[in-house]
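Let me begin by presenting the structure, written as structure tokens, before commenting on it.
Note that this is a predicted model, so its numbers are computed, not measured.
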Amino acid sequence: MGDLGLIGNVISNHPVIFLTLYTVLMTHITITCMSLSFHRFHTHKGVILNKYLDTFMQVWLWLVTTMSKVDWVSVHIYHHAHSDTEKDPHSPVTKGLMHVLFLGVFDYTKAKSCAEVERIKKTIKTNKLERFMYNNPFVGPAIMTVLLMVVFGPWWGAALSGINFMISPVFAVGGVNALAHWFGYKNHDYDDNSRNLGFIVPLNFLVCGEMDHNNHHAHQRSCSFRHRWYEFDIGYAYLV
């Protein structure tokens with residue numbers, strides 16, 4: 001198999017093109033799974049997903065990001081309960097834009113163990129697989145890293161795993177929670193600083209329509225983040 005794994009020569013021959021396409025594809029698939037499964041289905045009950053599709057999405061998120069339904073949903077409920085207040089782990093209003101962009105992942109990790117979030121966790125029903133992923137967060141990425149190393153070789157596999165680990169901190173915590181609570185426009189006079197940034201089309205596509213954030217905060221159980229004719233939610237398009 002050698003240093004390039006099964007098909008590592010594909011990257012070696014076209015590294016910039018491959019890494020760009022890999023980052024875009026992995027980001028969109030991962031944030032789409034996060035948006036449809038963790039966010040719209042399990043947190044806000046705005047849609048009901050087929051159980052096999054939902055299981056695939058949860059396993060994918062575990063493999064790529066270490067995240068489990070229990071942690072993500074409980075922290076997100078906590079975020080909505082304290083949006084843009086001192087308790088909000090994601091707010092650029094109280095923590096500053098640069099802090100949430102670059103250090104927000106540490107605030108997310110800290111929030112997972114706070115007393116209020118722990119109480120929320122106890123209300124979330126789980127099956128055996130979900131409990132396994134919650135109790136073994138790093139087993140998923142370890143499996144994914146081994147697979148990538150087999151396919152692309154040890155060096156490229158490690159590099160691709162590094163890209164995987166950056167997807168959620170950069171595009172979910174940073175891209176959505178930092179930027180969309182900092183600037184943009186409002187359709188709804190909601191009592192936090194959530195904004196709509198769907199006009200940044202490439203970023204909004206990558207994060208599955210999540211950038212129209214003011215729409216979501218004002219109508220949390222809506223399965224669509226599109227509230228004006230000129231807005232577009234690719235996540236809702238996938239659902240219908």
Side-chain angles (χ1 to χ4, degrees), residues 26-83 88-90 108 111-112 117 120-121 123-127 129-130 133-134 167-181 184 186-188 190 192 194-198 200-201 203-228 231-240:
M26 287 296 290
T27 298
H28 185 61
I29 293 173
T30 302
I31 302 300
T32 295
C33 290
M34 194 178 295
S35 177
L36 300 187
S37 174
F38 285 178
H39 196 191
R40 306 188 202 208
F41 179 23
H42 290 293
T43 302
H44 297 293
K45 308 296 189 290
V47 65
I48 297 175
L49 295 180
N50 174 278
K51 66 178 181 179
Y52 299 108
L53 176 61
D54 179 56
T55 297
F56 168 81
M57 289 181 173
Q58 288 197 53
V59 171
W60 178 270
L61 289 165
W62 177 64
L63 290 170
V64 175
T65 72
T66 79
M67 289 183 173
S68 70
K69 180 184 82 172
V70 175
D71 281 333
W72 199 98
V73 171
S74 57
V75 172
H76 196 70
I77 291 172
Y78 181 73
H79 158 68
H80 273 280
H82 304 288
S83 183
D88 186 354
H90 305 314
Y108 170 83
K112 289 193 297 184
V117 172
I120 296 170
K121 287 180 184 180
T123 69
I124 299 173
K125 295 181 180 179
T126 56
N127 58 37
L129 176 59
E130 290 168 341
M133 292 188 289
Y134 170 67
I167 288 172
S168 179
V170 172
F171 292 99
V173 177
V176 176
N177 289 302
L179 297 180
H181 279 264
K186 288 191 172 191
N187 284 330
H188 309 282
Y190 193 66
D192 64 12
S194 58
R195 306 280 174 153
N196 291 326
L197 288 170
I200 308 177
V201 176
L203 179 58
N204 200 36
F205 170 78
L206 280 178
V207 299
C208 196
E210 294 274 345
M211 295 305 287
D212 282 324
H213 211 56
N214 173 250
N215 294 346
H216 164 60
H217 270 248
H219 298 276
Q220 295 172 27
R221 293 202 64 180
S222 173
C223 63
S224 173
F225 301 153
R226 175 183 180 269
H227 290 185
R228 296 288 183 267
E231 296 167 348
F232 179 67
D233 174 11
I234 188 66
Y236 182 69
Y238 290 151
L239 291 171
V240 299

Worksheet item: Would S68 and W62 count as having a side-chain donor-acceptor pair, cut-off 3.5 Å?
Response: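 No.
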Worksheet item: Is a side-chain donor-acceptor pair under 3.5 Å present for S35 with E210?
Response: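 Checked: E210/S35 side chains pair up, N/O donor to acceptor below 3.5 Å.
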Does some side-chain heavy atom of [Y] sit less than 4.5 Å from a side-chain heavy atom of [X]?
X	Y	result
Y108	W72	yes
T43	I77	yes
T30	S168	no

Nearest non-hydrogen partners of [X] and [Y], listed with the distance:
X	Y	value
V207	F171	CG1-O, 3.5 Å
P89	A111	CB-CB, 3.9 Å
V59	M133	CA-SD, 3.9 Å
K45	R221	O-NH2, 3.3 Å
I234	H28	CG2-CE1, 4.2 Å
I167	V64	CD1-CG1, 4.4 Å

Discussion item. Holding to ring pair (Phe, Tyr, Trp, His ring centres under 6.0 Å), I want the full list of residues that pass it with F41, two or more places apart in sequence or in another chain.
Written reply: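 For F41, no residue satisfies ring pair (Phe, Tyr, Trp, His ring centres under 6.0 Å) once neighbours in sequence are set aside.
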Discussion item. My understanding is that only residues two or more places apart in sequence, or in another chain, count here; which of them pass ring pair (Phe, Tyr, Trp, His ring centres under 6.0 Å) with H90?
Written reply: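 For H90, the residues satisfying ring pair (Phe, Tyr, Trp, His ring centres under 6.0 Å) (neighbours in sequence not counted) are H79.
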Discussion item. Let's go through K121 and Y134 carefully: what are the C-alpha distance in whole Å and the side-chain angles of both, what is the deciding distance for side-chain contact (heavy atoms from CB on, under 4.5 Å) to 0.1 Å, and is it a yes or a no?
Written reply: CA-CA 11 Å; K121 287 180 184 180; Y134 170 67; 3.5 Å; yes
Worksheet entry | Residues forming a salt bridge (Lys or Arg N to Asp or Glu O under 4.0 Å) with E231, sequence neighbours excluded |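 E231: no salt bridge (Lys or Arg N to Asp or Glu O under 4.0 Å) contacts found.
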Practice prompt. Any chance you could lay out the side-chain contact (heavy atoms from CB on, under 4.5 Å) test for L203 and L197, step after step, and finish with the verdict?
Written response: CA-CA 9 Å; L203 179 58; L197 288 170; over 6 Å; no
Discussion item. My understanding is that only one of H216, H217, H219 makes a ring-ring contact (aromatic ring centres under 6.0 Å, His included) with H188; could you say which?
Written reply: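 Output: one option passes, namely H219.
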Worksheet entry | Of H181, H80, H227, the residue whose pairing with H213 passes ring-ring contact (aromatic ring centres under 6.0 Å, His included) |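 Of the listed residues H181, H80, H227, the ring-ring contact (aromatic ring centres under 6.0 Å, His included) partner of H213 is H181.
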Worksheet item: On the ring face of Y236, is R40 found with NZ or CZ under 6.0 Å from the centre and within 45° of the axis?
Response: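 No, cation not above the ring by the 6.0 Å, 45° rule.
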Practice prompt. Carefully, step by step, assess L49 and M57 under the rule side-chain contact (heavy atoms from CB on, under 4.5 Å).
Written response: CA-CA 10 Å; L49 295 180; M57 289 181 173; 4.0 Å; yes
Would the distance check show the side chain of [X] and the main-chain N or O of [Y] forming a donor-acceptor pair, the cut-off being under 3.5 Å?
X	Y	result
D233	S224	no
N50	Y52	yes
D212	N215	no

Interatomic distance, [X] atom [atom1] to [Y] atom [atom2] [nearest 0.5 angstrom]:
X	Y	atom1	atom2	answer
C223	L36	SG	CG	10.0 Å
H82	D88	NE2	CG	9.0 Å
H39	I31	NE2	CD1	11.5 Å

Practice prompt. Carefully, step by step, assess I120 and V75 under the rule side-chain contact (heavy atoms from CB on, under 4.5 Å).
Written response: CA-CA 8 Å; I120 296 170; V75 172; over 6 Å; no
Worksheet item: In this structure, which one of T55, D54, T32 forms a side chain to side chain donor-acceptor pair (under 3.5 Å) with S37?
Response: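 Exactly one pass, corresponding to D54.
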